[in-house]
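When a ligand or atom number is given, it counts from 1 through the structure's own listing order.
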Amino acid sequence: MKNTILVTGGAGFIGSHLVEALASGDSNTVIVFDNLSTGRIENIPNLENVSFVRGDVQSEEDITQLFSEFTFDYIYHLAAVASVAESVNHPLETHRVNMDATIYLLEATRFQEKEVHKFVFASSAAVYGAEPTLPKTEQSIVDPITPYGIDKYASEKYVITYGQLYGLNVAVARFFNVYGPRQNPSSPYSGVLSILVRVSKQLRKGKNSLFQIFGDGEQIRDFVFVEDVVQGLILLATKKEIQAEAFNIASGEKHTIHEIITICETILEINIPLSYGKTRKGDIKQSYASIDKIGKIGYKPQFTMRQGLEKYMMYE
Ligand code: UD2
């Protein structure tokens, strides 16, 4: 049976890896829906079974138009402003993308003629906030402390509630710190590893560069390689027994910023000069996950931090 699959944010970092994996099954037709605000057209695989629709999830009109042209078997909603810091600086603008858009999509899905096999929403570890109990399990207290975390939590509640109220087949993925090829390092809000990899590569070429740490460098994160995230997303979509529940997607490994700097230095045999700035507003000191719940449905990370970083650094 041929499946038509929607990936919002499919031209972005995580979305484009997902599209690649989905398109490799030739019984799938993949529709990438993206406004190219941070996503890039070059990220979309040039394959016959992948189509690009330029549109904005914030626009109810664009969503209505999309659903008038296609009926979807699976929907992965990944389009978002991915930066916690950007949400702190622009709460209203990020709210429209990270929250309102989710309801537009859920409404369109609810009223499409054919029942969707699964609507998977990309949420975030940011929902857990700064409450100090670790590792984070799906039963941990949820207490978001930034507009980003609040919108992700509100969105996931909507998604799960649509499952309960209207019988929509839904699942929620809580991403921890995702990294890998195509993560864009060029904004001040970019993921820490994309910036660190860029700095490392410059140093490796003999250019001057410096990595800036916000805070003391002892903050802990659970960095998960993008291919493992794709593995987790596809499991949530295809396992029929998953209904209206949230799952952590992470590596289950924890590293400080200082540790990842040391790993980069070892891989590339360089010395990375550091400077220290103030801790960012809304920054969480320690965040790492238990992956037991998703492990029970077959998830197994394939990349350690070092293996993922090596693959990332070889890219280009
Ligand atoms: C990440 C995700 C976010 C959300 C969250 C879940 C990104 C860009 N953001 O936010 O979407 O899912 O995890 O909790 O992936 N840092 C530096 N120097 C730099 C950049 C960052 O020291 O040049 C620090 C930063 O202050 C923070 C840590 O590195 O303590 C990670 O920062 P981040 O922006 O990569 O990700 P985070 O955890 O804020």
Side-chain angles (χ1 to χ4, degrees), residues 9 12-15 17 38-39 78-89 94 97-98 121-132 134-136 140 142-153 155-156 172-200 202 209-226 229 232-233 246 248-251 254-261 264 272-289 305 308-309 312:
F13 158 50
I14 303 172
H17 285 272
T38 54
L78 269 60
V81 174
S83 166
V84 174
E86 188 168 354
S87 83
V88 172
N89 293 338
T94 54
V97 186
N98 291 352
F121 173 64
S123 183
S124 163
V127 303
Y128 295 119
E131 197 281 326
L134 291 158
K136 295 301 176 191
S140 293
V142 164
D143 186 16
I145 57 167
T146 54
Y148 179 88
I150 294 168
D151 284 332
K152 284 292 184 185
Y153 188 56
S155 279
E156 63 167 74
V172 167
R174 289 179 180 161
F175 296 163
F176 281 65
N177 288 64
V178 188
Y179 71 99
R182 300 202 283 269
Q183 189 166 24
N184 183 352
S186 58
S187 118
Y189 301 132
S190 297
V192 65
L193 277 177
S194 66
I195 298 172
L196 185 59
V197 166
R198 188 185 54 184
V199 168
S200 302
Q202 280 167 344
S209 201
L210 181 83
F211 179 71
Q212 185 174 29
I213 295 182
F214 301 118
D216 63 5
E218 289 302 304
Q219 59 267 53
I220 290 176
R221 292 291 185 275
D222 183 326
F223 292 101
V224 55
F225 192 60
V226 65
V229 171
L233 284 170
N248 291 340
I249 298 189
S251 69
K254 51 180 175 176
H255 292 281
T256 64
I257 300 298
H258 282 143
E259 282 168 4
I260 56 164
I261 293 169
C264 286
I272 303 174
L274 304 176
S275 76
Y276 289 84
K278 268 203 230 143
T279 300
R280 281 176 171 171
K281 262 198 194 124
D283 200 58
I284 289 166
K285 183 73 184 165
Q286 298 196 15
S287 164
Y288 61 92
M305 183 83 239
L309 264 178
Y312 185 9

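In Val192, the parts holding a heavy atom less than 4.0 Å from any atom of ligand 1 are both the side chain and the backbone.
Ligand 1 has an N or O atom lying under 3.5 Å from an N or O atom of Ala82, backbone or side chain. At a 3.5 angstrom cut-off on N or O pairs, Phe214 counts as close to ligand 1. Taking only nitrogen or oxygen atoms, main chain and side chain alike, Gln219 reaches within less than 3.5 Å of ligand 1. Residue Ser83 has no nitrogen or oxygen atom sitting less than 3.5 Å from a nitrogen or oxygen atom of ligand 1, judged on distance alone. Of the polar atoms of Gln212, at least one N or O is found under 3.5 Å from an N or O of ligand 1, judged by distance alone.
Listed by atom number, the atoms of ligand 1 under 4.0 Å from Ile213 heavy atoms are 22 (O). Set against the non-hydrogen atoms of Arg280, the atoms of ligand 1 under 4.0 Å away are 20 (C), 21 (C), 25 (C), 26 (O), 34 (O). Close approach of ligand 1 to Ile257 (heavy-atom distance below 4.0 Å) involves ligand atoms 28 (C), 29 (O). Those atoms of ligand 1 that come under 4.0 Å of a heavy atom in Ala126, given as number and element, are 6 (C), 14 (O). Below 4.0 Å from some heavy atom of Gly191 lie the following atoms of ligand 1, by number and element: 8 (C), 35 (O).
Classified by interplanar angle (parallel below 30°, tilted 30° to 60°, perpendicular above 60°), the ring pair Tyr179/Phe223 is perpendicular.
Between Phe176 and Ile249 there is no side-chain heavy-atom pair separated by less than 4.5 Å.
Under the 3.5 Å distance criterion, with hydrogens and angles disregarded, no donor-acceptor pair is assigned to the side chains of Asn184 and Ser190.
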